[in-house]
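A note on names: the letters A, B, ... follow the listed sequences, proteins ahead of strands, and every chain is numbered from 1.
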There are 4 protein chains.
Amino acid sequence: MTDQCRPGRKRSEQSRLAILTATLELVEEAGYGALTIEGIAARSGVGKQTIYRWWPSKADVLLDAIATTADIRAPEPDEGSFGADLALFLEHTYEMSTESRVADTLRALMAQAQIDPGFRKRFCEDFLFRRRDALGKVVERARERGELPAGVTPDTVTDLVFGTLWYRLLATREPIGQELAAELVALLTRQGASNAEIR
Amino acid sequence: MTDQCRPGRKRSEQSRLAILTATLELVEEAGYGALTIEGIAARSGVGKQTIYRWWPSKADVLLDAIATTADIRAPEPDEGSFGADLALFLEHTYEMSTESRVADTLRALMAQAQIDPGFRKRFCEDFLFRRRDALGKVVERARERGELPAGVTPDTVTDLVFGTLWYRLLATREPIGQELAAELVALLTRQGASNAEIR
Amino acid sequence: MTDQCRPGRKRSEQSRLAILTATLELVEEAGYGALTIEGIAARSGVGKQTIYRWWPSKADVLLDAIATTADIRAPEPDEGSFGADLALFLEHTYEMSTESRVADTLRALMAQAQIDPGFRKRFCEDFLFRRRDALGKVVERARERGELPAGVTPDTVTDLVFGTLWYRLLATREPIGQELAAELVALLTRQGASNAEIR
Amino acid sequence: MTDQCRPGRKRSEQSRLAILTATLELVEEAGYGALTIEGIAARSGVGKQTIYRWWPSKADVLLDAIATTADIRAPEPDEGSFGADLALFLEHTYEMSTESRVADTLRALMAQAQIDPGFRKRFCEDFLFRRRDALGKVVERARERGELPAGVTPDTVTDLVFGTLWYRLLATREPIGQELAAELVALLTRQGASNAEIR
DNA sequence: GCATAAACGAGACGGTACGTCTGGTCTTATA
DNA sequence: TATAAGACCAGACGTACCGTCTCGTTTATGC
């Protein structure tokens, strides 16, 4: 399967973990701005080439580090009603972003994606759009059930939810608590619709 | 009043403009990632010290450049109804961000704000929160008139609008067209409310 | 005669002295390498232009400072015998160079003269050759009296004396004491000659 | 023994030579005052860090360059008589300093030694005192043979010779020809002494 | 076993840009 | 006109990292 049919030494899992750990430590200590490949190599006791061999940029190392450590995969709840699904999705997001380590990292990665086009592509495909698709399916189910407000497309609903989350993360830095979740659910659920169906 | 009663040569407005112009040109040509103080100085025919004297970082130069050149000030429309105000606000934002120069710059500045805490403060105070307050007043008037949907605070409405705009700018990079504006207006205006009052 | 018949403000003697004083203080505190026009201006409370107006380089300021303050003019002793004249000359030089401030400055000026051709010319004319001529006259008188050793021209004698002094100053940094003076007198005085003539 | 058992890439001899060559060229073209690390790096096609890694200052680069290229090592002649030894020593010095490149460089290095205490130490140990010791041995042999004039210590003789050479180099800039050499030999050799012993 | 081959640590290399410093020049308000 | 103040252009300073390139060493595979 993942057969290593080539000759030569195998990739060292120990080095890989040391690199990812060192990366997270350094970001936590001094912020993404102070993160350097040189520093990661020094901290993890690894040659620089070993990092360049396996990751295209320091942002990719960080993305890998946070993906390996924290659970940043998007859930696809299916509770029967859009309100419940959305609430669950927001709750997971909330829990993820309360860990300041995760929140700081997400900020840095989104920032780097704006500056480095190469990383932008990978970040979107590996993380951003994956989460978007997850929520997209939830919203699509809601549309089929007629739970969405009138005059709003599913895509716009998704943009709205993620937009609010990211704006809070990047601009105001206020946590996304239960009140906001409740407000979003209230706003994005057609009045009476879901209630009617539940009954 | 604020007379320059000190001795010594005055700040050269010519140099200031040359710096801001060169900055915008360079960002346009090669992107924010390739923008350097060294490059700005060379392009504008200015000593590096002259830049360091007046701006704390290259991001601040760029913020100044975009603020001096483009009209990024937030309008505070007062058309009588929340729907009309919001539509006007979104239209202005749309026009601003269609200029790719402005959009690219805003992306870069928001990115830098995530990486550089010092710049983050200045960016929020000088630009981000200024726009937020402008829309905030519009929303507040809507609340007083009872035009907002139930179960949603004015602050959340503001976050929602800006969140959607920034998410589109940073993540999907789709322009904010009239359709989205219409959807936002439809969603954030209490059904029947404004119509009822107009009658 | 050459009175200040020109219009305008007169040169400020106060500033001149402040500059020279500050220069000596700065050299004493941190050495010639740390001496800057900027620093002199700051310490003396003077505009940089005032320094550039009156001196061609910081070395010239220092030369002026040491010339104004210390007695570095060459004496031309005439005691009747070459041995006595030379001893007196060496003694004066010794006293001058024991003041570490003067010695340090002379080292710095000789160094600067090697690096800056313009200053070299002024340093030679205003200081170095002036002293050389002074000793030259003493040696010439000795030659006329037949006090010099055979096979050595007066110029060589002068070179020899100054050479030894400067070598001690620049290379070994050993002070020029009475022993050395005695040795030089012994070596450069024709054995028996002066004694014989005195009788 | 002194095996290069450390891991990592070895120092590039090619870069080293390129740096030394470029340094000599630049000094020859524009003088020591115009010599800069930046310029050496540019001319030799080398990163600045490579220079800073191996030499503490540009003066050290120049010292290394002249030591590698020219034969500035002091000879220790042993011809049997002090007169012959001294003449040979002076001749070698003369030949060395007729090359204006060498003379200019020696001037610059002696100058820098006055300004930079760190370099002064290295310059003395690696060059100045090494030459001094070489002549010192010659003089010592002369003392043992009783060839020195009365009333003069061997150290003083050495100071006298080097002093004259350096004074000519730094101050008068007259070359040290055969006449001066003959005069020095005449003055520093006890009359009749060596001749008497040879017979 | 023994060649071949890849990954590893170390670290030197050519570069770019950094932010600071000094040098000289120019401009302004005051004396 | 000289002065103190200070902004200006220019460019070298020494540092930090970049991404690449040897090195000698350490595993693995496959003959």
Side-chain angles (χ1 to χ4, degrees), chain A residues 3-12 14-16 34-42 44-54 56-58, chain B residues 3-12 14-16 34-39 41-42 44-54 56-58, chain C residues 4 6-12 14-15 18 34-39 41-42 44-54 56-58, chain D residues 4-12 14-16 18 34-42 44-54 56-58:
Chain A
D3 236 340
Q4 196 63 24
C5 283
R6 291 178 306 165
R9 190 172 174 176
K10 276 177 192 154
R11 177 170 182 182
S12 158
Q14 186 181 324
S15 289
R16 182 177 173 270
L35 184 68
T36 63
I37 300 274
E38 207 108 28
I40 297 171
S44 59
V46 141
K48 285 201 296 176
Q49 194 67 266
T50 301
I51 301 178
Y52 283 113
R53 208 189 327 266
W54 303 109
S57 77
K58 67 175 181 176
Chain B
D3 239 337
Q4 226 13 61
C5 283
R6 291 181 308 164
R9 191 173 177 173
K10 275 176 191 156
R11 177 170 182 184
S12 160
Q14 185 181 325
S15 289
R16 182 176 172 270
L35 184 68
T36 62
I37 299 274
E38 208 111 30
S44 59
V46 141
K48 287 201 296 176
Q49 198 59 43
T50 302
I51 301 178
Y52 284 112
R53 207 192 324 270
W54 301 109
S57 78
K58 66 175 181 175
Chain C
Q4 201 59 21
R6 290 179 303 169
R9 190 171 171 176
K10 276 177 195 155
R11 177 170 181 184
S12 159
Q14 186 182 325
S15 289
L35 185 67
T36 62
I37 300 275
E38 207 108 29
S44 60
V46 141
K48 285 201 297 176
Q49 196 61 19
T50 302
I51 302 177
Y52 283 112
R53 210 190 325 268
W54 301 108
S57 77
K58 67 175 181 178
Chain D
Q4 224 18 55
C5 282
R6 288 184 309 163
R9 191 173 174 173
K10 276 177 191 155
R11 178 171 182 183
S12 160
Q14 186 181 323
S15 290
R16 182 176 172 270
L35 184 67
T36 61
I37 299 274
E38 208 110 29
I40 298 171
S44 59
V46 140
K48 286 202 294 177
Q49 198 57 43
T50 301
I51 302 178
Y52 285 112
R53 207 189 327 266
W54 301 109
S57 77
K58 65 175 181 176

(message) Tell me the interatomic distance from D/Q14, atom CD, to E/dG14, atom C1', rounded to whole angstroms.
(response) 12 Å
(request) Would you mind classifying the nucleic acid contact of D/G39 as base, sugar-phosphate or nothing, using non-hydrogen atoms under 4.0 angstrom? (result) nothing
(request) Look at the side chain of A/K10 and decide which nucleotide, out of E/dC13, F/dT3, F/dT29, has an atom nearest to it. (result) F/dT29
(message) Under 3.5 Å, is there any donor-acceptor pair linking the side chain of C/R9 to the base of F/dA2?
(response) yes
(request) Would you indicate which nucleotide in E/dA10, E/dC8, F/dT3 comes nearest to any side-chain atom of D/P7? (result) E/dA10
(request) Consider the side chain of B/Y52, meaning its heavy atoms from C-beta on, and name the nucleotide among E/dT22, F/dG14, E/dC18 that approaches it most closely. (result) E/dC18
(message) Can you see whether A/W54 has A/R16 sitting over its ring - NZ or CZ less than 6.0 Å from the centre and within 45° of the normal?
(response) no
(request) Select from D/T36 and A/T36 the residue whose nearest nucleotide in DNA chain F is closer to the 5' end of that strand. (result) D/T36
(request) Would you name the heavy atoms of D/L35 and D/K58 that are closest together and state the gap between them? (result) O-NZ, 2.8 Å
(request) Ignoring backbone atoms, establish whether D/W54 has a side-chain N or O less than 4.0 Å from OP1 or OP2 of E/dG11. (result) no
(message) Is D/S12 close enough to F/dT22 that one of its side-chain N or O atoms is under 4.0 Å from OP1 or OP2 there?
(response) no
(request) Would you indicate which nucleotide in E/dG9, E/dC13, F/dC18 comes nearest to any side-chain atom of A/T50? (result) E/dG9
(message) Quick check on F/dA4: is either OP1 or OP2 less than 4.0 Å from any side-chain nitrogen or oxygen of C/S15?
(response) yes
(request) Report the residue (D/G8 or A/S57) whose heavy-atom-nearest nucleotide on DNA chain F is the more 5′ of the two. (result) A/S57
(message) Pick the closest DNA chain E nucleotide for B/L35 and for D/R11 by heavy atoms, then say which residue is nearer the 5' end.
(response) D/R11
(message) Once hydrogens and angles are ignored, does a donor-acceptor distance under 3.5 Å link the base of F/dC9 to the side chain of B/Q49?
(response) no
(request) For D/A41 and D/I51, work out which heavy atoms get closest and say how close. (result) N-CD1, 3.8 Å
(message) Which nucleotide wins on minimum distance to the side chain of C/R53, given the candidates F/dT3, E/dC13, E/dG23?
(response) F/dT3
(message) To check you understand the geometry: which heavy-atom pair defines the closest contact between C/S44 and C/A18, and what is its length?
(response) CB-O, 3.4 Å
(message) Just the rounded figure in Å: distance from P of E/dT27 to CZ of B/R6.
(response) 19 Å
(message) Quick check on DNA chain E: between C/K48 and D/G45, whose nearest nucleotide comes earlier from the 5' end?
(response) D/G45
(request) Let me know the distance between CD of B/E38 and C1' of F/dC9, rounded to the nearest Å. (result) 14 Å
(request) Determine, stepwise, if the pair A/T50 / A/R53 fulfils side-chain contact (heavy atoms from CB on, under 4.5 Å). (result) CA-CA 5 Å; A/T50 301; A/R53 208 189 327 266; 3.8 Å; yes
(request) Please state how far atom CD1 in D/I40 lies from atom P in F/dG14, giving the value in whole angstrom units. (result) 11 Å
